[in-house]
Amino acid sequence: MLDLKYVCENLDAVKKALSNRSGKTDLDEIAVLAQKRRDILKEVEKDKAARNSATGDIAKLKAEKKDASALIAEMKALGDKIKVLDEELNAVEADLKLKILSVPNIPSSGVPVGRDETGNVEVRRVGKPAEFKFAPKAHWDLGESLNIFDWPRAAKISGARFTVYKGFGARLERAIMNFMLDTHIFKNGYTEIFPPFMVNRDSMTGTGQLPKFEEDAFAVKNNGFFLVPTAEVPVTNLHRDEVLALSDLPVKYCAYTACFRAEAGSAGRDTRGLIRQHQFNKVELVKFARPENSYDELESLTADAESILKALGLPFRTVALCTGDMGFSSAKTYDIEVWMPSYNRYVEISSCSNFEDFQARRMNIKFRDEDGKTRLVHTLNGSGLAVGRTTAAIIENFQNADGTVTVPDALRTYMGAGMIK
RNA sequence: GGAAAGUUGGCCGAGUGGUUGAAGGCGCCAGUCUUGAAAACUGGAUUAGUGAAAGCUAACUGGGGUUCGAAUCCCUAACUUUCCGCCA
């Protein structure tokens with residue numbers, strides 16, 4: 001959420017900054033509502049001040065055993081007026097809140113301007129795609145011949161966009177998860193969190209999934225909870241309504257969760273294999289940083305995510321997303337894309353973002369600076385990495401002519417095997 | 001799922017419907033004292049909204065109600081604790 005005061009005072013600048021983002025937002029409407037709110041507020045506060053002072057007088061009169069009935073009658077009338085104004089105010093504020101919560105973040109100044117993914121800028125490329133001396137297969141075909149994924153039965157027990165992992169498939173997925181977590185815990189200095197997979201509405205609003213993107217989430221019918229679309233939601237919300245100590249910053253968490261996404265609007269896309277699922281595994285990195293360092297922290301967080309691909313020997317590239325391709329809450333995002341032979345292109349495997357104070361303002365997460373003042377923290381997160389897509393990338397990139405897959409060295413102790421056959 | 005009790009400031013904890021933004025204690029910050037520290041003493045300190053400012057308004061888990069006036073009474077939701085039931 002943007003600072004309402006800032007938006008009202010810099011209306012044109014904010015409009016211009018958001019003009020390169022996808023989607024439309026009506027800032028004029030917000031400015032009008034904000035003015036209306038101030039007008040009502042002034043009047044109702046004036047009335048309340050009058051009532052408060054009269055209330056003191058009534059108490060005095062009663063203490064002196066004098067008649068207060070005239071004043072009480074007067075205050076009753078004023079109370080009715082206040083009630084009407086309060087209701088009006090609440091309605092305006094609710095409307096205003098909904099609208100300001102639906103305004104995307106302002107892109108950071110260095111972010112490339114563009115309308116869609118064609119405007120993204122590659123910042124580095126690591127490793128070279130293998131040149132196969134045979135026709136490489138897609139992971140869904142290899143998965144079938146190796147008997148490690150079972151999509152027909154997944155469809156039977158659940159439906160489309162679910163996967164049953166079996167044997168080496170299940171072991172590979174689990175080995176990758178553990179390898180990622182251990183790397184981030186022991187080498188990169190993150191504290192592991194294992195959060196709930198269901199969260200309440202406030203948490204989803206805090207990180208920006210709600211109110212605008214409710215259709216993308218799975219809601220639980222019984223209790224109104226949501227299945228987490230990413231560990232970002234529970235982990236960032238850990239510190240909602242808290243003031244962090246300066247000495248604790250940056251706070252660095254990593255977390256494995258299953259992630260659940262409705263994938264509304266992506267019918268027909270990536271229908272085969274592990275790439276786009278209603279349920280997938282992900283190890284997430286989350287940071288809380290002081291504003292002065294948050295862009296350095298974004299660089300190191302991105303490097304931490306990349307370190308997994310390097311250790312596995314998977315070729316990848318990192319791109320800076322342009323204004324039109326960035327997510328709603330982000331001020332700057334790097335996508336890390338792994339080479340996927342079946343797609344014959346790089347495919348997103350991680351998205352690392354600095355949200356600046358956009359999420360912190362929604363969640364009221366602050367820190368106390370050297371002067372003892374509380375200020376909003378900056379929040380960051382990135383996949384470290386998407387596990388299912390890593391599984392797919394390993395199977396495809398390290399496949400052999402005979403249909404077997406060579407397990408990367410880094411995973412062998414986790415797998416208890418060097419070859420999938 | 002049933003029953004009961006509870007939720008007050010960074011923490012503990014008082015609070016008969018009428019100067020209670022909230023006693024007291026602990027902790028915190030500054031000062032005095034001290035070679036330095038501790039102790040003691042003195043003073044200070046919530047957050048948000050609004051306003052040029054003085055100030056005003058709001059906040060005692062959230063929401064609603066009663067009242068001229070609610071931390072205090074009523075309803076409701078969430079959470080916590082205990083007992084019962086069920087259960088990995």
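In what follows, chains carry the letters A, B, and so on, assigned in the order in which the sequence lines appear, proteins first and then strands, with residues in each chain numbered from 1.
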Tell me whether A:R161 is salt-bridged to A:E263, with the criterion being a basic N under 4.0 Å from an acidic carboxylate O.
no

Applying the Watson-Crick and G-U wobble criteria at under 3.5 Å, what pairs with B:U20? Answer none if nothing qualifies.
none

Give a yes/no answer on whether the side chain of A:R38 brings an N or O atom under 4.0 Å of OP1 or OP2 in B:G49.
no

What contact category does A:A54 fall into here, base, sugar-phosphate, or nothing, at under 4.0 angstrom with non-hydrogen atoms?
nothing

When both distances are under 3.5 Å in a Watson-Crick or G-U wobble arrangement, the nucleotide paired with B:G6 is B:C79

Carboxylate-amine/guanidinium proximity below 4.0 Å for A:D248 and A:R368
no

Heavy atoms of A:L380 and A:S294 approach each other most closely as CD2-O, 3.3 Å

Distance below 4.0 Å between A:N52 side-chain N/O and B:A58 OP1 or OP2
yes

Base-pairing assignment for B:A40 (Watson-Crick or G-U wobble, both under 3.5 Å):
B:U32

Please determine whether a side-chain nitrogen or oxygen atom of A:R37 lies at a distance below 4.0 Å from atom OP1 or OP2 of B:G49.
no

Please report, rounded to the nearest Å, how far the P atom of B:A48 is from the CD atom of A:E45.
16 Å

With respect to the phosphate group of B:C68, does any side-chain polar atom (N or O) of A:K81 fall under 4.0 Å of OP1 or OP2?
no

Under-4.0 Å side-chain N/O to phosphate OP1/OP2 contact, A:K42 with B:U50:
no

For A:K62, answer base if it contacts any base atom (sugar-phosphate contacts may also be present), sugar-phosphate if it contacts only those atoms, and nothing otherwise; contact means non-hydrogen atoms under 4.0 Å.
base

What contact category does A:L71 fall into here, base, sugar-phosphate, or nothing, at under 4.0 angstrom with non-hydrogen atoms?
nothing

